[in-house]
There are 2 protein chains.
Amino acid sequence: MIKEEKGREPKRRSTRQRRVVLEVLRSTTSHPTADWIYEQVRKRIPNISLGTVYRNLKLLRDMGEIMELDFGSTYSRFDGNPNPHYHFSCMDCGRVMDVDIPVATELEEKVRCRHGWEVFSHRVEFYGLCAECSRRRLSEEEAPPTSEGQG
Amino acid sequence: MIKEEKGREPKRRSTRQRRVVLEVLRSTTSHPTADWIYEQVRKRIPNISLGTVYRNLKLLRDMGEIMELDFGSTYSRFDGNPNPHYHFSCMDCGRVMDVDIPVATELEEKVRCRHGWEVFSHRVEFYGLCAECSRRRLSEEEAPPTSEGQG
DNA sequence: TTAGGTGCAAACGGTTTGCCGGTCA
DNA sequence: TGACCGGCAAACCGTTTGCACCTAA
């Protein structure tokens, strides 16, 4: 879900911990886990805690400095349709819907040509606003829901 | 990772629990969580346990009857490159690598036209074998690693 | 008859969070 | 000085698993 930015973000300080987390992540082309990053950072800041690494990773992600590769939530969703198709995830209401456009198998061929990897399948997720949420946003712009935090 | 199918799968029984889990999932176009499925199934089998729902979901997924929408593992990976790009995940060694093909923004336009949703971004993951693992597989075919379970 | 499945509850494990003392601006 | 941040450890919570009993084939 999109987080409503009512109370604007606090000013971010530059701390050693945050800097090193970012440097570690920028210095590799692998896509490491939080735990691996923690181990690397510890070589330079031995007493850093795992919680701090997590906090800074989330922060850096929110600041647009890095990308998190997950599925947006901690739990799985299941789909009764086992045939290849794409999904759309509404960033407001969180619903996941099937996308009715043809599967772009030519992308797999492109990857094969470019990198020489065997590609068996691919997956695509789109992110945005569904019709209902898009409409609701517009109507809320005309008549703001509350006056809090609008100063 | 691909699971090596050494000891072949056991014969699957048809149980009421498994049947109802599948029916519930087939009867909706939403993409429910295990917990939601559990609640629905409980309306028909009140004393079914959550563990059984999970076991059957994994089983049905392995049987190709349903799809699981997760990121393949329980933990996040992080990417020091915040610019839009695709990823390739090797099903053997588990490494995640950047894909160097152009981002297909025209897909977002297709979704917009087809469904009328606002699309802000999309994500693509490819699955297959990287060059090293692909090569290793071939050499193992010529000279099988062990003789266990080959009968 | 028996391999496979279920219910139950405890364990697992990646991630988050509350508390309090430390630090950057 | 005070908002922000870090270390620590406990809590969280979706998921997995061990065990004893049950059941489809």
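Reminder, nothing fancy here: chain letters follow the sequence lines and each chain counts from 1. Keep in mind it's a predicted model, so treat the numbers as computed, not measured.
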K.L.:
Taking the nucleotide of DNA chain C with the nearest heavy atom to each, does R18(B) or E68(A) sit closer to the 5' end?
P.N.:
R18(B)
K.L.:
Anything under 30° is parallel, anything over 60° is perpendicular, the rest tilted; go ahead and classify H87(A) against H31(B).
P.N.:
perpendicular
K.L.:
Taking H115(A) for its side chain and D100(B) for its backbone only, find out whether a donor-acceptor pair lies under 3.5 Å.
P.N.:
yes
K.L.:
Once you round it to whole Å, what is the distance between C1' of dT16(C) and CG of L59(A)?
P.N.:
14 Å
K.L.:
Need to verify one output field. Residue with the more 5' nearest nucleotide on DNA chain D, R12(B) or K58(B)?
P.N.:
K58(B)
K.L.:
Can you see whether S134(A) engages E118(B) through a side-chain donor-acceptor pair at a distance of less than 3.5 angstrom?
P.N.:
yes
K.L.:
For dC4(D), does the base pair up with any side-chain atom of R13(A) as donor and acceptor (N or O, under 3.5 Å, distance only)?
P.N.:
yes
K.L.:
What is the distance, to the nearest angstrom, from the OH atom on Y54(A) to the P atom on dC8(D)?
P.N.:
17 Å
K.L.:
Between N47(A) and dC8(D), is there a contact of a side-chain N or O with OP1 or OP2 at under 4.0 Å?
P.N.:
no
K.L.:
Just to be sure I understand the rule, does D35(A) reach a base, reach only the sugar-phosphate, or reach nothing, if contact means heavy atoms closer than 4.0 Å?
P.N.:
nothing
K.L.:
Respond yes when some side-chain nitrogen or oxygen of T52(A) is under 4.0 Å from OP1 or OP2 of dG7(D), and no when none is.
P.N.:
yes
K.L.:
Could you give the OH-to-P distance, from Y38(A) to dT15(C), as a whole number of Å?
P.N.:
14 Å
K.L.:
Among dT15(D), dT6(C), dG7(C), find the nucleotide with the atom closest to the side chain of S76(A).
P.N.:
dT15(D)
K.L.:
To the nearest Å, how far apart are R19(B) CZ and dG4(C) P?
P.N.:
18 Å
K.L.:
Tell me the interatomic distance from Y75(A), atom OH, to dT16(C), atom P, rounded to whole angstroms.
P.N.:
13 Å
K.L.:
Determine: side-chain N/O of T15(B) to OP1/OP2 of dT6(C), distance under 4.0 Å, yes or no.
P.N.:
yes
K.L.:
Can you pull every protein N or O that's under 3.5 Å from an N or O on nucleotides 18-21 of chain C?
P.N.:
| residue | atom | partner | partner atom | Å |
| --- | --- | --- | --- | --- |
| dG18(C) | O6 | R55(A) | NH1 | 3.3 |

K.L.:
Have a look at I37(A) and tell me which of T28(A), L50(A), L25(A), N56(A) forms a side chain to side chain contact (heavy atoms under 4.5 Å, CB included) with it.
P.N.:
L25(A)
K.L.:
Verify, without hydrogens or angle tests, whether H122(B) (side chain) and E125(A) (backbone) share a donor-acceptor contact under 3.5 angstrom.
P.N.:
no
K.L.:
Check whether the side chains of R95(B) and S30(A) place a donor and an acceptor atom closer than 3.5 Å, and report yes or no.
P.N.:
no
K.L.:
Quick one about E68(B) and S76(A) (side-chain donor to acceptor, distance below 3.5 Å, no hydrogens or angles considered), yes or no?
P.N.:
yes
K.L.:
Given atom CG of L50(B) and atom P of dG5(C), what is their separation to the nearest angstrom?
P.N.:
18 Å
K.L.:
If I take atom CG in residue L60(B) and atom P in nucleotide dG5(C), what distance separates them, rounded to the nearest angstrom?
P.N.:
11 Å
K.L.:
Heavy-atom nearest nucleotide on DNA chain D for G51(B) versus S14(B): which residue maps closer to 5'?
P.N.:
G51(B)
K.L.:
Which atoms form the tightest heavy-atom contact between R26(B) and G80(A), and what is the distance?
P.N.:
NE-O, 2.8 Å
K.L.:
Return the 5'-most residue of the pair V53(B), R16(A) with respect to DNA chain C, ranking by each residue's nearest nucleotide.
P.N.:
V53(B)
K.L.:
Between Q17(A) and dG7(D), does any side-chain N or O lie under 4.0 Å from OP1 or OP2?
P.N.:
yes
K.L.:
To the nearest angstrom, how far is L69(A) atom CG from dG14(C) atom C1'?
P.N.:
16 Å
